[in-house]
Amino acid sequence: METDDALDGAPTADTAARVREVIAAAGVSQREFARRVVMDPSKLSRSLSGTRRFTAAELARIADEGRVDAGWLLGTRSREKAAAPTAGVEGGRPLQIVRETVRLIAEHGFHAVRVADIARACATSSAAIHYHFPGRAELLEAAVRWCMDEDTARRAARLAEADDAAAELRQLIALQTPRTAQQRRQWAVWLDLWAEAARSTAVGRLHSEYYRQWRETVADVVRRGVGQGVFRAGLDPQAAALTLTALIDGLATHVLSVGGPSSAAAADAMHAALTTHVTDTILAP
């Protein structure tokens, strides 16, 4: 539930202008700022335009990121913010909360994570967690959104290094092969989210939309490759993307089911199988 009880007063017409000041001072795009405060970019846009009110928790995260007093955003106190006890936490308290939530989801499962567990992992209280994220559902959604944004950013960075579409596809395969602890943690979260998508929950719908974007990314790479002449002429980008992403999903699920020393060999076998598939069905002969 969205509530304004965590702060004195209520958001005013000037609140949006003050938030714009914070975004401008950060020197980043509105979308990037939304990512930093773990907020749906569309909600930030609507709140800035006046068609939606900021919640208290959102303002708390914005204040934390902008190093201003949350009361100043509401027009009730001065702008300065006292040094916070979490100043040594990388990215601030909200991102620490989100990162720990993602880690706990990967280790214990989506439905097993409690706010008390997150508070313990962050060495803080449940009340402090609720200050930034009023409800468990909002916190879990924020964690999933952050996880997806991080994955998208890593993918964009790797694709920017590629010389052509064939190299882009190799980069995507490498990113999706669960070799490192981080990659395995990411896949563990995805497996849980597929179950949520099947149940059509809010988080599940978010995951479904992200997955649609991921498959479209692969289709775009295939489309470019056909145009560059490095992929087979006449290849259907959508069909090729559907087949390749399905193969990635199935193989990654198998890798995660293998524990101990065998997991590295399973990841290598997955990468080899994907490379063979691309060579046999996508690359130009």
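Owing to the predicted nature of the structure, the values given are computational and were not obtained by experimental measurement.
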inquiry  = Using modelled atom types and a 3.5 Å cut-off, is there a donor and acceptor pairing between side-chain atoms of D149 and backbone atoms of R35?
reply    = no
ask   = How far apart are the closest heavy atoms of V255 and A266, and which atoms are they?
value = CG2-O, 3.6 Å
message = Quick check against the 3.5 Å criterion: does E32 have a side-chain atom that pairs as donor or acceptor with the backbone of S29?
response = no
query = Closest approach of D64 and P94, non-hydrogen atoms and distance?
reply = OD1-CD, 3.2 Å
query = What about I282 and V230, same hydrophobic cluster or not, with Ile/Leu/Val/Met/Phe/Trp/Tyr joined at side-chain heavy-atom distances under 4.5 Å?
reply = yes
message = Can you see whether R93 engages Q96 through a side-chain donor-acceptor pair at a distance of less than 3.5 angstrom?
response = yes
request  = Please test R103 against E100 for salt bridge (Lys or Arg N to Asp or Glu O under 4.0 Å), starting from the C-alpha separation and ending with a verdict.
outcome  = CA-CA 5 Å; R103 180 181 66 80; E100 289 301 317; 2.8 Å; yes
request  = Please identify each residue that fulfils side chain to side chain contact (heavy atoms under 4.5 Å, CB included) with A24, with sequence neighbours left out.
outcome  = none
task = Show your working on side-chain hydrogen bond (donor to acceptor under 3.5 Å, both in side chains) between T51 and R46 and close with a plain yes or no.
result = CA-CA 5 Å; T51 59; R46 284 186 282 124; 5.4 Å; no
Contacts of type side-chain hydrogen bond (donor to acceptor under 3.5 Å, both in side chains), residue S262, not counting sequence neighbours = none
task = For the pair W194 and W187, name the ring-plane relationship: parallel under 30°, tilted 30 to 60°, perpendicular over 60°.
result = tilted
note = For Y210, the ring pair (Phe, Tyr, Trp, His ring centres under 6.0 Å) test, sequence neighbours excluded, returns W190
message = According to side chain to side chain donor-acceptor pair (under 3.5 Å), does anything in residues 156-174 pair up with another residue at least two apart or in another chain? List the pairs.
response = R158-Q171, E168-R224
message = Would the distance check show the side chain of T15 and the main-chain N or O of L73 forming a donor-acceptor pair, the cut-off being under 3.5 Å?
response = yes
Any side-chain heavy-atom pair of I23 and L48 under 4.5 Å = yes
Donor-acceptor contact below 3.5 Å, side chain Q176 vs main chain I173 = no
task = Check the hydrophobic clustering (I, L, V, M, F, W, Y; side-chain heavy atoms under 4.5 Å; chains of links allowed) and say if L247 and M270 are grouped together.
result = yes
Exercise answer: donor-acceptor pairs, residues 232-245 side-chain atoms, under 3.5 Å, sequence neighbours excluded:
residue: R232; atom: NE; partner: T281; partner atom: O; Å: 3.4
residue: R232; atom: NE; partner: L283; partner atom: O; Å: 3.2
residue: R232; atom: NH2; partner: D280; partner atom: O; Å: 2.7
residue: D236; atom: OD1; partner: Q238; partner atom: N; Å: 3.0
residue: D236; atom: OD1; partner: A239; partner atom: N; Å: 3.4
residue: Q238; atom: NE2; partner: E216; partner atom: OE1; Å: 3.1
residue: Q238; atom: NE2; partner: E216; partner atom: OE2; Å: 3.4
residue: T243; atom: OG1; partner: A239; partner atom: O; Å: 3.1
residue: T245; atom: OG1; partner: A241; partner atom: O; Å: 2.8
residue: T245; atom: OG1; partner: L242; partner atom: O; Å: 3.2

query = Is the shortest distance from a Lys or Arg side-chain nitrogen in R61 or E65 to a carboxylate oxygen in the other one below 4.0 Å?
reply = no
task = Might you point out which heavy atoms bring A116 and S126 nearest each other, and give the distance in Å?
result = CA-OG, 3.8 Å
ask   = Could E107 and R185 be called an ion pair, given the rule that one side-chain N must be under 4.0 Å from one carboxylate O?
value = no
key: Which residues share a side-chain hydrogen bond (donor to acceptor under 3.5 Å, both in side chains) with R215, sequence neighbours left out   = none
key: Atom of P178, atom of A267 and distance for their closest heavy-atom approach   = O-CB, 3.9 Å
key: Charged N-O contact under 4.0 Å between E138 and R145   = no
query = So does D151 pair up with R155, basic N to acidic O under 4.0 Å?
reply = yes
message = If I compare all heavy atoms of T177 with all of H271, which pair ends up nearest, and what's the gap?
response = OG1-CD2, 3.7 Å
note = Nearest heavy-atom approach of T217 to L159 is CG2-CD1, 4.3 Å
Pairing of E209 and R212 as salt bridge, 4.0 angstrom limit = yes
